[in-house]
Amino acid sequence: MKKYQFWFVVGSQFLYGPEVLETVAARAQEMAEKLCAVLPYPLIYKVTAKTNREIAEVCKEANYDDSCAGIITWCHTFSPSKMWINGLADLQKPWCHFATQYNREIPNEEIDMDFMNLNQAAHGDREHGFIGARLRKPRKVIAGFWQDGDVQTRIGSWMKAAVGVSVSKSMKVMRFGDNMREVAVTEGDKVEVQAKLGWQVNTWAVGDLVKAMEEVTEAEVNAQMARYAEKYDMATDRMDQVLYQAREEVAMKKLMDAEGCLAFSNTFQDLYGMRQLPGLASQDLMAQGYGYGGEGDWKVSAMTAILKAMGEDGNGASAFMEDYTYHLVKGQEYSLGAHMLEVCPSVAADRPRIEVHPLGIGDREDPARLVFEGKPGDAIVVSLIDMGGRLRLICQDIHCVKPILPMPNLPVARVMWQAEPSLTTGVECWITAGGAHHTVLSYDVTAEQMKDWANMMDIEFVHITKDTTVESLEHDLFLADLAWKLK
Ligand code: MN
């Protein structure tokens, strides 16, 4: 992930003479260098732009440079915005307009008209803001003093969302078999997601995976077993079952890496030639940053990989999740999330255990899987759905807790949470918006980052918060439906 960088493009004009422009350039360089030390990705000062040509050139260069994950613009002085139209119209990278100024204070004695001309971001940034609005260009506006920690945190947070855009645009999903029969919400228009989000979603035969599994060597299986032993406690003596998961994992990883895929899906309905549904194998792959979706759910698989990449250097905790069952005791209302097997150990509170239990679904041998409790903390759940003609991203604020019951006979990893605004209103909102039972649960990525990401990808965003009511949501969805049809 560290290959990404952002470019700092500062707007000005020739009106103020060469000395002012030199000062602006020197300050921009200084700001970029100091911000580099605190931001999650490098911020590279590129240019103090004074002409249409300079702006068009830097935007074109940004488009074609794979390492550039976005541009951050600022107007130290006034920069007439007609100069920006051609460049911004062509810009295909995420854009953040940083409305700041070099000085924190207005200096009482020093201030004169020269000072005013040099430090006029207050109106320079308004001119710059107008053209963003006029062009209907997706952009993030962040205002504040550049040395303030909270402002720097917001820029860093946006950078990570922008990296999510880059990751999305190069996303390749390996589908082992098709979706689970008859399920609606896991379907979707693969042409639409490729045009809109950049995802290449294609199918590989389960038979080819089985062949790759047969070609895995004993040495490769043993090396994988050693990696399991490092990270997990072996709470079973059925080693054949664990060895088989190791073989599945090595084969799936090889196939994905050979194709440059960062996400995969499979279904218990198509395990032709396989003895176990991958459980431990899928969980351990997710822990390495791969996305996964059960029942052929390639949308949630790709989203899992994207949120994991956006959370880089956070606590790494983003996981494929499924709302399973509720605890509806008054005052103790919780969702219990889990899956048949495949919950990512990045969300584990303690060291996960490898266990082997029967699986009633899929008609295969007992699969090895990781069992653990999810950790407490504030989080979000997100779901991407295909509305027919457009994509909708639904995000809900949640608070994970230590599961209030030990549930000793539940043979899978589990996470428990309180949803906003309450369990039942939250469920009503989620269902009203059409959110799936599959989600990505993340302790790392914020709702604001998902809103920024959706904005940059030009898709609908729905946020269920502590303040959401069913009435307000219905109203918003009705208006959004009209707006997206006109778009
Ligand atoms: Mn499922």
Side-chain angles (χ1 to χ4, degrees), residues 173-188 201 203 206 245 248 252 263-271 274 276-287 290-308 318-326 334-347 357-364 366-372 374 379-386 393-396 398 400 403 407 410-417 419 427 430-431 433-442:
V173 184
M174 184 166 276
R175 303 172 69 225
F176 294 114
D178 205 334
N179 295 44
M180 179 181 167
R181 287 187 285 274
E182 305 291 354
V183 179
V185 79
T186 57
E187 293 286 352
V201 183
T203 305
V206 177
Q245 291 282 333
E248 289 179 325
M252 288 193 289
F264 69 108
S265 64
N266 58 17
T267 168
F268 63 89
Q269 284 176 336
D270 189 356
L271 296 174
M274 296 174 78
Q276 295 178 30
L277 177 65
L280 168 60
S282 296
Q283 291 173 293
D284 193 55
L285 283 167
M286 280 188 272
Y290 295 93
Y292 172 76
E295 293 90 60
D297 191 343
W298 48 268
K299 294 199 302 300
V300 81
S301 176
M303 288 307 299
T304 303
I306 289 167
L307 269 78
K308 281 176 174 291
S318 297
F320 165 59
M321 188 54 61
E322 178 168 284
D323 289 77
Y324 239 104
T325 195
Y326 302 129
Y334 296 101
S335 267
L336 179 66
H339 205 256
M340 276 193 297
L341 302 172
E342 310 91 342
V343 179
C344 176
S346 66
V347 302
H357 301 279
L359 180 67
I361 292 168
D363 193 26
R364 287 293 183 279
D366 302 351
R369 82 287 304 272
L370 294 169
V371 181
F372 55 86
I380 55 169
V381 281
V382 301
S383 167
L384 181 74
I385 59 170
D386 186 331
L393 187 73
I394 303 157
C395 176
Q396 183 174 33
I398 64 167
C400 298
M407 300 175 278
L410 181 65
V412 292
R414 71 295 300 267
V415 181
M416 192 171 258
W417 64 84
V427 168
W430 190 267
I431 287 173
H437 52 285
H438 285 166
T439 59
V440 186
L441 184 153
S442 182

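Atom set for the values below is all heavy atoms of this structure, side chains included, hydrogens, waters and symmetry mates excluded. Start at 1 and go down the list; that is how both ligands and their atoms are numbered. Positions are given from 1, in the same order as the sequence printed here.
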Could I get the full list of side-chain contact (heavy atoms from CB on, under 4.5 Å) partners for Q269, not counting sequence neighbours?
-> M180, R181, T267
Distance col, row S335:OG vs M321:CE, nearest 0.5 angstrom, shows 10.5 Å
Residues in ring-ring contact (aromatic ring centres under 6.0 Å, His included) contact with Y290, at least two apart in sequence or another chain = none
Under 4.5 Å between any side-chain heavy atoms of V343 and V412, yes or no?
-> no
How would you list, by chain and number, every residue that makes a side-chain contact (heavy atoms from CB on, under 4.5 Å) with I431, sequence neighbours excluded?
-> V427
Plane angle bin for F264 and Y292 - parallel if under 30°, tilted between 30 and 60°, otherwise perpendicular | tilted
Count, excluding waters, the protein N, O or S atoms that are closer to the Mn ion (ligand 1) than 2.8 Å.
-> 4
